[in-house]
Amino acid sequence: MRTTCTVCPRRCRLAPGQTGFCRARRNEGGTVVAGNYGRVTSLALDPIEKKPLARYRPGTLVVSLGSYGCNLRCPFCQNAEISQAGEKNIPWREISPEELVDLTLDARSRDTRVIGIAYTYNEPLVGWEYVRDCARLAHEHGLANVLVSNGCVEASVLEDLTGLIDAANIDLKGFTDAFYDACGGAPGSLACVKSTIERLAEDSACHLEVTTLIVPGMNDTDEEIDAAARWLAGLDGGRGRESITYHVTRFFPRWHLTDRGPTPVETVYRLAEVARRHLSHVFTGNC
């Protein structure tokens, strides 16, 4: 019996044993589960600023981990080795929530700058159940939870994570449906990402930052960044101007998008100034 995955707008219809577009979720006995649950491909101790989070507990460290799989196919993906892989394409090791929290507590015992766990590198919410279970246990031990996501996830998933995410950086990849089409998004992906950002902006317990990677010839016009920044500023009853941090980041050729050079530094700086017309906290990255 085919079963519909309800995690993102793609809503894959999966036959028994079939894996979805994200390469992470599959139909097991009529139920769609996270096939990548606890399967860790990447593990590192990172500065919080690398997530990037510029205004959340600066100077601290987080244990960062990723699995495999993603529900987008951005041609410029910076982590394609894992995000565009499945279980048979990349080495992984199994780490239970208990083991992950123990690893983090051990890291904190060695360095008091360690504050918690970051779910990152691939798209963590294609395996959101693992994020939920780890985050619950982390909170029980006084650890913070950081989410780095493309935001292309349905509201029901965010509801299950309510109260568990202390800080998030969401990719707003572009501000047009055409851009999300180029990123392999399902119809409605931009609206879904905007809804995710809206919900997190309303969550007083979650510090929110947003990132746009500026890709030459795709989303590098003043008009597009102006529209995105103006929309962000209007969130949370108009308090978005002061509460939301926006990162405007330089592109470098990667994966399938190697037909153009890096974003000119002056373009990134110019677009950051455009965003500052509406937002008080705008940062440039990779410059």
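Since the model is a prediction, treat every value here as computed from it, not as a measurement.
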Using distance alone, with no hydrogens and no angle criterion, decide if [X] and [Y] have a side-chain donor and acceptor under 3.5 Å apart.
{"X": "S64", "Y": "D46", "result": "yes"}
{"X": "T60", "Y": "R113", "result": "no"}
{"X": "D171", "Y": "T211", "result": "no"}

Using atom types as modelled and distance alone, determine if a side-chain donor or acceptor of [X] lies under 3.5 Å from a backbone N or O of [Y].
{"X": "N145", "Y": "L164", "result": "yes"}
{"X": "T112", "Y": "R108", "result": "no"}
{"X": "S280", "Y": "R276", "result": "no"}
{"X": "N122", "Y": "Y68", "result": "yes"}
{"X": "D220", "Y": "G217", "result": "yes"}
{"X": "S83", "Y": "C70", "result": "no"}
{"X": "S243", "Y": "R239", "result": "yes"}
{"X": "E209", "Y": "A54", "result": "yes"}
{"X": "N89", "Y": "G86", "result": "yes"}

Are [X] and [Y] side-chain neighbours, meaning at least one heavy-atom pair lies under 4.5 Å?
{"X": "L72", "Y": "K173", "value": "yes"}
{"X": "V215", "Y": "T263", "value": "no"}
{"X": "I197", "Y": "L232", "value": "yes"}
{"X": "T249", "Y": "T212", "value": "no"}

Of L103, L65, L137, D166, which meets side-chain contact (heavy atoms from CB on, under 4.5 Å) against I117? L65
Once side chain to side chain donor-acceptor pair (under 3.5 Å) is applied, do any residues pair with [X], and if so which ones, sequence neighbours excluded?
{"X": "R270", "result": "D222"}
{"X": "R93", "result": "none"}
{"X": "Q18", "result": "R2"}
{"X": "E81", "result": "R254"}

My understanding is that only residues two or more places apart in sequence, or in another chain, count here; which of them pass salt bridge (Lys or Arg N to Asp or Glu O under 4.0 Å) with [X]?
{"X": "E159", "result": "R199"}
{"X": "R23", "result": "none"}
{"X": "E28", "result": "R26"}
{"X": "R277", "result": "D226"}

According to a 4.5 Å side-chain heavy-atom criterion applied to Ile, Leu, Val, Met, Phe, Trp and Tyr, with indirect links allowed, do [X] and [Y] form part of one hydrophobic cluster?
{"X": "L208", "Y": "L213", "value": "no"}
{"X": "L14", "Y": "F21", "value": "no"}
{"X": "Y130", "Y": "L147", "value": "yes"}
{"X": "I115", "Y": "V148", "value": "yes"}
{"X": "L279", "Y": "V248", "value": "yes"}

Hey, mind stepping through E99 and S96 against side-chain hydrogen bond (donor to acceptor under 3.5 Å, both in side chains) and telling me if it holds? CA-CA 5 Å; E99 289 173 312; S96 70; 3.3 Å; yes
How long is the span from the [atom1] atom in [X] to the [atom2] atom in [Y], to the nearest 0.5 Å?
{"X": "D203", "Y": "D236", "atom1": "CG", "atom2": "CG", "answer": "10.0 Å"}
{"X": "F283", "Y": "H247", "atom1": "CZ", "atom2": "NE2", "answer": "6.5 Å"}
{"X": "L125", "Y": "C152", "atom1": "CG", "atom2": "SG", "answer": "10.0 Å"}
{"X": "T120", "Y": "K50", "atom1": "OG1", "atom2": "NZ", "answer": "9.0 Å"}

Under the side chain to side chain contact (heavy atoms under 4.5 Å, CB included) test, which residues partner D259, sequence neighbours left out? L257
Using the ring pair (Phe, Tyr, Trp, His ring centres under 6.0 Å) criterion, which residues pair with [X]? Sequence neighbours excluded.
{"X": "Y180", "value": "none"}
{"X": "F76", "value": "none"}
{"X": "W231", "value": "F175"}

Evaluate the criterion side chain to side chain contact (heavy atoms under 4.5 Å, CB included) for residue pair V131 and L161; output intermediate values, then yes/no. CA-CA 8 Å; V131 174; L161 296 176; 4.3 Å; yes
Using a strict threshold of under 4.0 Å (side-chain N to carboxylate O), is an ion pair present between E87 and R39?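 Salt bridge: yes.
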SB check E129 R25 (cutoff 4.0 Å):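 Looking at E129 and R25, the cut-off is met.
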